[in-house]
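What follows is a single structure, written as structure tokens, with notes after it.
Every heavy atom of this structure was used, including side-chain atoms; hydrogens, water molecules and symmetry mates were not. Chain A is the first sequence line, chain B the second, and so forth, proteins listed ahead of strands; every chain is numbered from 1.
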Amino acid sequence: MTELPKAYIPADTEEKWYSFWEELRLFHAEPNPAKTPYAIVIPPPNITGILTMGHVLNNTIQDVFVRWNRMKGRETLWMPGTDHAGIATQNVVEKSLSRQHKTRHDLGREDFLKRVWEWKKEYGGTIIKQLRKLGTSCDWERERFTMDEGLSRAVQEIFVRLFEKGLIYRGKYIVNWCPKDHTAISDDEVNSIDHEGQLYYVRYRVTNSQQYISVATTRPETILGDVAVAIHPDDERHRHLLGKTVILPLVEREIPIIADQFVDPAFGTGIVKITPAHDPNDFWVGQRHNLPQINIFDVSAKLNDAVPQKYRGLDRFEARKIILKDLQDQNGIEKIEKHVSAIGHCYRCDTMIEPYLSDQWFVKMKPLAGPALRVVQNGTVRFHPDRWVKTYEHWMSNIRDWCISRQLWWGHRIPVWYCVKSLTNNPRCKDPIVARVVPTQCPHCGSMHLSQDEDVLDTWFSSWLWPFSTLGWPKDNPDLRYFYPTDALVTAPDIIFFWVARMIMAGMEVMGDIPTSKGLVRASDSELVPFRDVYFTSIIRDLKGRKMSKSLGNSPDPLDVISEYGADALRFTIVYLAPLGQDVLYSNDKCEMGRNFANKVWNAGRFLLMNRSQLGIESHVNMSSNLDEQHLDLADRWILSRLNSTIVSLEETLGAFDINLAAKTLYDFIWHDFCDWYVEMVKGRLYGDDADQVKRSVLSRALTIFDRILRLLHPFMPFVTEELWHYLETRKPRESVMVAAYPTPDPRWIDETVEKEMAFVQSTINSVRNARGELMVPPSREIELILHFPTGANGDIVKKYQNYFLRLARVTKISNLTGGQKPKHAASLVIQGGELFIPLEGIIDLDAERERIEKELSRLANLCETTERKLANQSFTAKAPKEIVDKEREKLQSFRETIEKLRHNLERISS
RNA sequence: GGGCUCUUAGCUCAGUUGGUUAGAGCGCUACCUUGACAUGGUAGAGGUCAUAGGUUCGAGUCCUAUAGAGCCCACCA
């Protein structure tokens with residue numbers, strides 16, 4: 001065999017094995033009745049996106065579950081794909097157009113879309129390429145895109161279905177308008193940010209009088225669109241105003257004073273201006289009172305022709321300044337107060353959103369929310385951590401209709417057509433034509449002149465179908481029957497409403513008529529839901545606790561991290577750092593932990609392989625399990641016990657989505673049990689006097705255990721494990737650890753007695769090492785141990801395993817105390833069941849030894865005291881369980897014995 | 001305004017249903033290039049578990065309040 005490099009070099013393996021896996025089509029899944037399916041759909045990244053640390057965490061977690069289940073023998077599908085990201089993508093392409101001093105309107109809709117598709121072809125796959133570097137085992141043969149043909153059909157289908165059920169409607173409402181993107185966005189796409197502004201008290205003159213009333217507003221520029229002022233109906237202070245009118249300043253329009261419950265008498269002056277076209281509250285007040293709606297803005301939030309000449313064309317912030325000045329000039333402002341209010345911002349471009357009156361399409365959400373709320377409350381869909389259930393419940397119970405139309409070009413065109421003659425002919429021609437296939441004529445007047453709705457659908461209107469549209473819905477087909485419902489969804493909690501909730505709603509709504517793999521039509525909640533478990537990942541922050549963001553420049557490029565530390569290192573570190581449901585503070589140098597661990601595993605393998613070639617063991621010998629041999633010694637039995645309890649605990653933690661605990665469990669087992677102790681113990685036997693045949697059997701066993709380790713670790717660190725596994729399995733060059741069976745626990749090997757015995761050996765060795773360190777005995781100095789175990793048992797253990805003590809405690813000789821005379825010039829150690837002496841004639845500093853013993857004595861005295869106090873408490877002995885009390889008694893006993901021995905030793909060296 | 005989360009070693013964090021002497025990684029100190037690994041080994045220093053009450057034989061863990069940090073939701077202009 002070739003020599004393994006001294007350190008693990010990730011770059012040498014990652015590319016190689018990823019291609020190998022793809023070549024063998026190991027990522028690919030097909031319906032297989034003989035196996036249980038396991039499926040995860042990827043949260044489709046935006047085609048405009050580049051890989052972030054958030055993606056790394058999210059996709060590593062998915063890959064761990066996917067690889068784990070695949071190795072456990074399930075037919076495992078990880079469905080990948082990308083999202084067309086309406087606004088984001090359109091913005092990117094428009095930006096590149098603007099460099100040529102062009103707008104999308106210069107190109108026209110068709111040409112512009114052609115451009116976007118070209119852009120997508122060129123750059124849209126970037127993030128997918130990056131994901132592969134991470135080692136994600138997605139079924140790339142199935143990669144989907146939210147605007148590919150199949151998914152577009154799904155979007156059309158659900159639109160038509162919901163429309164036919166009366167759940168989709170069109171209307172003129174106040175929506176959140178982004179003046180930069182020139183489109184409506186949904187309520188969820190608005191970020192409220194507290195804004196320190198002013199509250200202006202503006203004077204309105206009561207018609208035909210010299211009386212003024214004062215109206216408080218944060219947005220004086222909207223005065224131009226006022227159609228009334230309102231008071232609370234029970235507000236005694238202002239009741240006399242009812243029925244009167246006021247003259248709108250600057251505009252000199254006469255508007256009524258009305259009463260409405262919505263007014264808060266305690267705010268401002270208790271009188272509020274009503275601007276139905278530019279405030280959601282005012283909109284509904286206007287509806288109740290049949291008020292006109294005066295839209296004063298254009299799509300860019302610049303004042304339009306509805307306002308006096310001098311203000312036209314001003315943008316809203318400019319207008320505010322000028323209007324304030326004009327008001328002040330005519331003494332129209334009573335006072336100005338500081339005021340903090342929450343102002344909505346576009347989640348894409350951060351522009352202040354403008355409440356804007358326009359024709360939009362909406363989905364009625366209440367009917368969809370019911371079933372979706374139920375399946376989370378009854379546990380059909382489980383959230384991890386489950387506290388998100390509360391958040392979900394709150395949102396679902398207060399859900400509002402979803403504005404799904406967007407005034408963009410890039411997206412799914414709304415499948416609605418209008419008869420061009422709608423205004424002149426049959427009044428029914430006004431009805432929109434909603435159809436699955438492009439209609440050729442108006443069903444009412446037969447006109448061939450139809451035009452399609454100009455708008456496209458919200459991007460989320462395609463993502464909410466993702467778990468089944470990627471499997472071929474609406475067409476009934478084997479994939480959909482077999483893989484739906486999927487198993488886990490792994491996503492960031494910030495899209496719980498955008499995406500998670502809506503997917504559950506969509507699944508519950510449309511999957512009822514698709515048969516299951518058993519042929520039955522889906523009826524129960526558990527067959528309808530899109531997934532059973534939702535894992536909400538941590539949010540990755542920088543060391544100062546700030547969210548990673550492009551603008552802060554605190555977002556490391558995962559590809560740089562991969563090339564510096566390796567994909568395995570990054571994967572392991574991020575998973576190890578990110579506890580379920582808690583944010584994580586990350587910096588690149590933390591990946592040293594993962595890198596060091598990969599290197600540790602590498603070198604453990606390197607050690608075993610070097611010895612294998614030295615002992616001339618054929619590579620294929622080691623995999624035949626030779627665990628049943630009679631001649632297992634402490635190290636073997638112990639590591640097997642530890643291995644099997646590790647497997648048990650991995651099953652538990654991964655099963656409970658405690659993935660970082662699983663990572664810790666593996667880390668501790670591999671590093672501290674396997675490397676620190678077991679391998680060191682194996683050395684003793686490999687370099688001892690045993691016959692080669694014995695050594696071969698020892699090493700084969702070690703290799704077998706190492707094989708199990710590689711399998712256990714593979715879901716977390718796929719590359720280094722695959723590389724090492726192939727060194728082990730040279731006979732099977734076309735096989736892969738990624739489809740090797742995941743080890744199952746064998747409880748017969750979990751042996752408490754062995755673990756206890758080993759614990760004694762470890763603590764005894766530790767004591768010797770400790771004494772050596774504290775007494776400053778140089779490593780070069782050879783020491784011996786003199787045992788004094790009057791009662792036998794533990795002394796026998798030391799003798800039985802003396803070869804381990806020789807090596808691990810760096811001792812040259814072990815003998816029994818003879819003649820009852822304890823050596824004076826020696827370090828003394830009190831251990832369970834006896835004492836050890838380390839003769840250090842000529843080297844021991846008796847003062848140092850005294851100090852060491854005294855320190856130990858005082859520590860024990862403290863322990864002794866607390867234990868005594870506990871046991872003296874009668875309610876403790878009476879009420880605590882017997883085992884606990886007994887344990888305390890044993891402790892006390894052992895503390896006392898130790899103290900006594902330590903005192904003797906202290907006297908001895910002091911005399 | 002409502003809801004949620006967090007506060008444990010210098011730093012970043014574990015700690016399952018309350019029960020041995022509260023752990024890890026990094027950093028720090030000392031020693032070690034001992035035939036896998038200095039991306040390493042051995043030993044060590046370092047904690048009144050935010051604060052105050054309460055429940056309990058027993059609280060880092062459960063309850064209440066307080067302080068601080070953060071997040072989400074909400075149409076008081």
Side-chain angles (χ1 to χ4, degrees), chain A residues 4 6-8 174 192 199 215-219 222 230 262-264 266-268 271-275 279-284 339 341-342 355 385 387-388 390-391 394-395 398 493-494 496-497 539 541 543 545 565 569 573 576-577 579 581-587 589-590 592-593 595-611 652-653 656 658 660-661 664 667-668 672 675-676 679-680 683 686-687 766 769-774 776 778-780 807-808 810 859-860 862-863 866-867 870 873-881 883-885 887-888 890-891 895:
Chain A
L4 276 72
K6 211 169 159 183
Y8 172 58
I174 283 267
S192 283
L199 187 61
V215 175
T217 180
T218 52
R219 300 200 57 194
T222 62
F262 123 88
V263 181
D264 176 3
F267 189 91
I271 307 176
V272 58
K273 60 196 263 325
I274 302 297
T275 322
D279 182 283
N281 291 312
D282 296 6
F283 174 81
W284 295 110
H339 182 70
S341 58
R387 69 182 137 84
W388 290 104
K390 258 193 177 170
T391 311
H394 182 257
W395 189 74
N398 296 286
D494 52 356
I496 183 170
F497 307 132
I539 292 171
R541 300 172 179 282
L543 290 183
Y565 297 95
T573 302
Y576 186 98
L577 285 179
Q582 225 49 61
D583 289 354
V584 56
L585 305 193
Y586 171 88
S587 71
D589 53 13
K590 291 197 174 183
E592 282 179 18
M593 196 218 60
R595 182 199 59 185
N596 295 353
F597 184 46
N599 190 57
K600 190 73 181 175
V601 174
W602 175 259
N603 272 289
R606 184 165 171 260
F607 165 78
L608 296 175
L609 291 164
M610 280 167 72
N611 282 283
E652 281 170 8
T653 47
D658 269 332
N660 77 313
L661 226 93
K664 277 185 220 303
Y667 182 94
D668 289 342
H672 296 123
C675 293
D676 287 352
V679 167
E680 292 305 318
K683 278 181 189 171
L686 291 184
Y687 303 145
N766 285 340
R769 287 168 170 175
N770 171 292
R772 218 184 167 124
E774 301 229 326
M776 304 289 283
S780 49
R807 170 164 283 269
L808 299 177
R810 301 184 55 75
R859 191 179 70 92
L860 280 163
N862 279 337
L863 289 174
T866 38
T867 315
K870 214 176 206 176
N873 184 345
Q874 292 202 347
S875 40
F876 171 70
T877 47
K879 290 188 187 176
E883 314 117 57
I884 301 290
V885 180
K887 227 179 235 175
E888 289 298 312
E890 279 168 32
K891 257 165 58 182
F895 292 153

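Going from atom NZ of A/K600 over to atom C1' of B/rA36 covers 8 Å, rounded to whole Å. Between A/E883 atom CD and B/rG19 atom P the separation is 13 Å, expressed in whole Å. One atom, CG of A/D583, and another, P of B/rC72, lie 10 Å apart when rounded to the nearest Å. In this structure, the CD atom of A/E680 is 9 Å from the P atom of B/rG41, given to the nearest Å. Between the CG atom of A/D676 and the P atom of B/rG40 there is a distance of 11 Å, given to the nearest Å. In this entry the distance linking CD1 of A/I539 with P of B/rU12 reads 18 Å, nearest Å. Taking atom NZ on A/K887 and atom P on B/rG18, their separation rounds to 15 Å, with Å as the unit. Taking atom CZ of residue A/R859 and atom C1' of nucleotide B/rA45, one finds them 15 Å apart after rounding to whole Å.
Within 4.0 Å of A/P493, counting heavy atoms only, lies no atom of the nucleic acid at all. A/S341 comes within contact range of the sugar-phosphate backbone alone, with a heavy-atom separation under 4.0 Å but no base atom that close. Residue contacts shown for A/N766 are limited to sugar-phosphate atoms, with no base heavy atom under 4.0 Å away. The residue A/L585 sits close only to the backbone: its heavy atoms come under 4.0 Å of sugar-phosphate atoms, none of a base.
Spacing between B/rU17 and B/rG60 at atom P, rounded to whole Å, works out to 15 Å. Between the C1' atoms of B/rG3 and B/rA24, the separation comes to 34 Å (whole Å). B/rG25 and B/rG2 have their C1' atoms separated by 39 Å, given to the nearest Å. Comparing B/rG1 with B/rG58, their P atoms sit 39 Å apart, to the nearest whole Å. Spacing between B/rA67 and B/rA43 at atom C1', rounded to whole Å, works out to 41 Å. Rounded to whole Å, the C1' atom of B/rG18 lies 12 Å from the corresponding atom of B/rC57. Taking atom P on both nucleotides, B/rG15 is separated from B/rC6 by 10 Å, rounded to a whole Å.
The minimum heavy-atom distance between A/F895 and A/T867, with the atom names listed, is CE1-OG1, 3.5 Å.
At least one donor-acceptor pair under 3.5 Å links the side chain of A/N603 to the backbone N or O of A/N599. Side-chain N or O atoms of A/N770 include none that pairs as donor or acceptor with a backbone N or O of A/N766 at under 3.5 Å.
Each of B/rG19, B/rC72, B/rG35 was ranked by its minimum atom distance to the side chain of A/Y687; first place goes to B/rG35. The side chain of A/F267 lies closest to B/rA77, out of B/rU12, B/rA36, B/rA77. The side chain of A/V679 sits closest to B/rA36 out of B/rA36, B/rU39, B/rC4. Here the nucleotide nearest the side chain of A/A216, chosen from B/rA36, B/rA77, B/rG3, is B/rA77. Considering only side-chain atoms of A/D264, the nucleotide from B/rG25, B/rA77, B/rC72 that sits closest is B/rA77. Looking at the side chain of A/C675, the nearest of the listed nucleotides B/rA24, B/rC73, B/rA36 is B/rA36. Picking from B/rC37, B/rC72, B/rC4 the nucleotide with the shortest atom distance to the side chain of A/N603 gives B/rC37. Which of B/rC57, B/rU39, B/rA36 sits closest to the side chain of A/R606 comes down to B/rA36. Checking B/rA77, B/rC4, B/rA36 against every side-chain atom of A/M610, the shortest atom distance belongs to B/rA36. Residue A/Y667 places its side chain closer to B/rG25 than to any other of B/rG25, B/rC57, B/rU5.
Pairing partner, B/rU61: none, since no Watson-Crick or wobble contact has both distances short of 3.5 Å. Using the Watson-Crick or G-U wobble rule with both distances under 3.5 Å, B/rC13 pairs with B/rG23. Across all strands shown, B/rG47 forms no Watson-Crick or G-U wobble pair with both distances under 3.5 Å. Pair check for B/rA74 finds none; no Watson-Crick or G-U wobble contact set falls under 3.5 Å. As the counterpart of B/rA38, no nucleotide is assigned, since no Watson-Crick or G-U wobble pattern has both distances under 3.5 Å. Nucleotide B/rU33 forms no Watson-Crick or G-U wobble pair with any nucleotide shown, as no partner meets the under 3.5 Å limit on both distances. Applying the Watson-Crick and G-U wobble criteria (two distances, each under 3.5 Å), B/rA69 pairs with B/rU5.
For A/N873 and B/rG58, the shortest distance from a side-chain N or O to OP1 or OP2 is not below 4.0 Å. A sub-4.0 Å separation between OP1 or OP2 of B/rU12 and a side-chain N or O of A/K590 is absent. For B/rA24, the OP1/OP2 oxygens have no side-chain nitrogen or oxygen of A/K664 closer than 4.0 Å. Using a 4.0 Å cut-off, some side-chain N or O of A/H339 falls inside it from OP1 or OP2 of B/rA77. Here A/N281 does not reach the OP1 or OP2 of B/rC76: none of its side-chain N or O atoms lies under 4.0 Å away. Using a 4.0 Å cut-off, no side-chain N or O of A/N596 falls inside it from OP1 or OP2 of B/rC37. The phosphate of B/rA38 has OP1 or OP2 within less than 4.0 Å of a side-chain N or O from A/K6.
In this structure, A/L4 CG and A/W602 CH2 are separated by 4.0 Å, a value rounded to the nearest 0.5 Å.
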(request) Walk me through it: do A/Y565 and A/D589 pass the test side-chain contact (heavy atoms from CB on, under 4.5 Å)? (result) CA-CA 9 Å; A/Y565 297 95; A/D589 53 13; 4.3 Å; yes

(message) Show, in sequence, the C-alpha distance, side-chain angles and deciding distance for A/E652 and A/L661, and conclude whether the side-chain contact (heavy atoms from CB on, under 4.5 Å) test is met.
(response) CA-CA 10 Å; A/E652 281 170 8; A/L661 226 93; over 6 Å; no

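Map A/Y8 and A/R769 each onto its nearest nucleotide of RNA chain B; the residue landing nearer the 5' end is A/Y8. If you find the closest nucleotide of RNA chain B to A/H672 and to A/D658, the one lying nearer the 5' end belongs to A/D658.
Using the six-membered ring where Trp is involved, A/W395 and A/F497 have ring planes that are parallel, under 30° apart on the 30 and 60° scheme.
Using a 4.5 Å cut-off on side-chain heavy atoms (C-beta onward), A/Y8 and A/V601 make no contact.
Note that A/K683 lies in the cation-pi zone of A/F607, set by a 6.0 Å cut-off to the ring centre and a 45° limit from the axis.
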